[in-house]
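The sequence lines fix the lettering, A, B, ..., with proteins before strands; numbering per chain opens at 1.
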Number of protein chains: 2
Amino acid sequence: MKEQTSPDSPLADLCRQRGLKLTGQRRTIAFVLSDSDDHPDVEELYRRAVAVDSRISIATVYRTVRLFEENGILQRRDFGGGRARYEVADGDHGDHYHLIDADSGKVIEFENAELDALLDTIVQQMGYGLVTTRLSVVGRKKAKTRGGN
Amino acid sequence: MKEQTSPDSPLADLCRQRGLKLTGQRRTIAFVLSDSDDHPDVEELYRRAVAVDSRISIATVYRTVRLFEENGILQRRDFGGGRARYEVADGDHGDHYHLIDADSGKVIEFENAELDALLDTIVQQMGYGLVTTRLSVVGRKKAKTRGGN
DNA sequence: TTGTATAATGCGAAAGATTATCAATTGCAA
DNA sequence: TTGCAATTGATAATCTTTCGCATTATACAA
């Protein structure tokens, strides 16, 4: 049984900055998240966290993920499939969007300044200020060589 | 107890065209949907359907809504809140998108050809063909008079 | 460092939405 | 009209997420 204390991580620092109590579990979850560049769901986060420190309950993962979202540390995404998925909220670079491969389910991130600007303009013209954009496009890979699959 | 047989409706015709067996319940649900121009969830559809013919179970509403979606008659939407919402799939005019009022939760539809084109271009450039776009923007109404909250 | 108030955790139960099961019923082609 | 496969209603089951509560750990002051 692993009982390792996780090292600090960029997200653990963020956690402290927001004045959140930094428990061992939160440190571990923050570590796992800092180490992820995909879009894990809670079950997957739980798996990764337990691999580091087995003294973690899935309820805590749910709670932590919600707490982090409320504090702007994480963003919740919905790619269909009935479970929420999470990714680190990048304060750095602008919004990014997601292309979902219709066949494999793989998620590919992309950015596009023109799209950012257009969405903002549209919303402004409707008399609103843009708060959040939820955009994911589902696409199917164009076969270069025919007869793919 | 209402036991009225619903009249046919545009969606009921579509149902027949797709070779689906047109039961009384499906006729009623199709009628209710044809009559709706909002984005009801299953619970709400069930309420509306029962008002027309009380011999309907919510299980049938779930089943029918799924069947209609699989046959391109309905589109499932997710506006947050944990329940799926449905709207008639317009084969006529192009895609439309949704602006959700951050304060009231109200859903406002809009279309934008420039946005259609840009999304298509982006996806093409990534080597994919566009299958579906899931886009909703959350916005907050700009106060004309200052001092709002 | 030690003690303490308070907040967080673990575990299992509960909630909420959706799907599956299965006997009884219905639509539809012959 | 008949027969049969598909559909329905009622309810159990499933799946994800949250809650309740006793126990434990954290931050902070002395």
Side-chain angles (χ1 to χ4, degrees), chain A residues 1-6 8 12-13 15-30 32 39-47 49-50 52-71 73-74 76-86, chain B residues 1-6 8 12-13 15-30 32 39-47 49-50 52-71 73-74 76-86:
Chain A
M1 182 197 278
K2 297 206 177 185
E3 301 187 3
Q4 181 171 332
T5 291
S6 304
D8 274 22
D13 292 339
C15 199
R16 254 191 291 262
Q17 279 172 37
R18 305 287 155 101
L20 303 174
K21 193 185 276 193
L22 192 54
T23 65
Q25 288 85 336
R26 288 183 186 169
R27 206 193 325 265
T28 296
I29 294 168
V32 162
H39 310 80
D41 57 29
V42 170
E43 205 79 36
E44 176 62 26
L45 279 176
Y46 175 61
R47 252 177 259 126
V50 162
V52 175
D53 178 352
S54 62
R55 298 165 301 177
I56 261 184
S57 140
I58 191 156
T60 296
V61 181
Y62 270 105
R63 276 189 288 241
T64 303
V65 127
R66 188 150 53 110
L67 180 76
F68 283 6
E69 197 207 347
E70 285 163 355
N71 283 272
I73 296 173
L74 281 186
R76 188 205 309 241
R77 300 289 185 181
D78 168 40
F79 298 143
R83 38 225 291 172
R85 297 172 66 176
Y86 291 87
Chain B
M1 184 196 277
K2 298 207 177 190
E3 298 188 5
Q4 180 172 332
T5 292
S6 303
D8 274 23
D13 292 341
C15 199
R16 255 191 290 262
Q17 279 173 38
R18 305 286 156 100
L20 303 175
K21 192 184 277 191
L22 192 54
T23 66
Q25 289 86 336
R26 287 182 187 168
R27 205 194 324 265
T28 295
I29 294 168
V32 162
H39 311 81
D41 57 29
V42 169
E43 206 79 36
E44 176 61 25
L45 279 176
Y46 173 61
R47 252 176 259 126
V50 162
V52 175
D53 179 351
S54 63
R55 297 165 302 178
I56 260 184
S57 139
I58 191 155
T60 298
V61 181
Y62 270 106
R63 276 189 290 240
T64 303
V65 126
R66 187 150 52 111
L67 180 76
F68 283 5
E69 196 206 348
E70 285 162 355
N71 283 272
I73 296 174
L74 281 185
R76 189 205 309 241
R77 300 288 184 181
D78 168 40
F79 298 143
R83 36 226 290 171
R85 298 173 65 176
Y86 291 88

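Nucleotide dA17(C) holds its P atom 13 Å from the OH atom of Y86(B), rounded to whole Å. Note: OH (Y46(B)) to P (dT18(C)) measures 15 Å, nearest angstrom. Rounded to an integer number of Å, the gap from CG of L67(A) to P of dT9(C) is 9 Å. What separates CG of L45(B) from P of dT18(C) is a distance of 11 Å, to the nearest Å. The distance from atom CD of E43(A) to atom P of dT14(D) is 16 Å, rounded to the nearest whole Å. The distance between atom CZ of R26(B) and atom C1' of dG27(C), rounded to the nearest whole Å, is 10 Å. Going from atom CZ of R85(B) over to atom C1' of dA17(C) covers 15 Å, rounded to whole Å. Separating the CZ atom of R83(B) from the P atom of dT17(D) is a distance of 16 Å, rounded to the nearest angstrom.
Across all strands, I56(B) comes closer than 4.0 Å only to sugar-phosphate atoms, never to a base (heavy-atom distances).
The minimum heavy-atom distance between S57(B) and Y46(B), with the atom names listed, is C-CE1, 3.7 Å.
Here the side chains of V65(A) and R76(A) are not in contact, with every heavy-atom distance at 4.5 Å or above. Side-chain contact between Q25(B) and T64(B) is absent, with no heavy-atom pair separated by less than 4.5 Å. Annotation: side chain of K21(A) is in contact with side chain of R26(A) (closest heavy-atom distance under 4.5 Å). Put simply, the side chain of L45(A) reaches to within 4.5 Å of the side chain of V32(A), judged on heavy atoms. Residues T23(B) and T60(B) fail the side-chain proximity criterion, which asks for heavy atoms closer than 4.5 Å.
Side-chain proximity of T60(B) to the nucleotides dT8(D), dG10(C), dA8(C) is greatest for dT8(D).
At the phosphate of dT18(D), neither OP1 nor OP2 sits under 4.0 Å from any side-chain N or O atom of Y62(A). Remark: R55(A) is not in phosphate contact with dG10(C), judged by side-chain N or O atoms under 4.0 Å from OP1 or OP2.
We find the CG-CG distance between D78(A) and D41(A) to be 12.0 Å, quoted to the nearest 0.5 Å. Atom CZ of residue R63(B) and atom CZ of residue F68(B) lie 13.0 Å apart, to the nearest 0.5 angstrom.
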Does the protein touch nucleotides 19-30 of chain D at the base, only the backbone, or not at all? Give it as B, S and - per nucleotide, heavy atoms under 4.0 Å.
BB-----BS---
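Place T64(A) and I58(B) on DNA chain C by their nearest nucleotides, and T64(A) ends up nearer the 5' end.
With hydrogens and angles disregarded, a donor-acceptor distance shorter than 3.5 Å links the side chain of R18(A) to the backbone of N71(A).
If one axis is set at each end of the helix from dT1(C)-dA30(D) to dA30(C)-dT1(D) from five pairs, those axes are 30° apart, to 10°.
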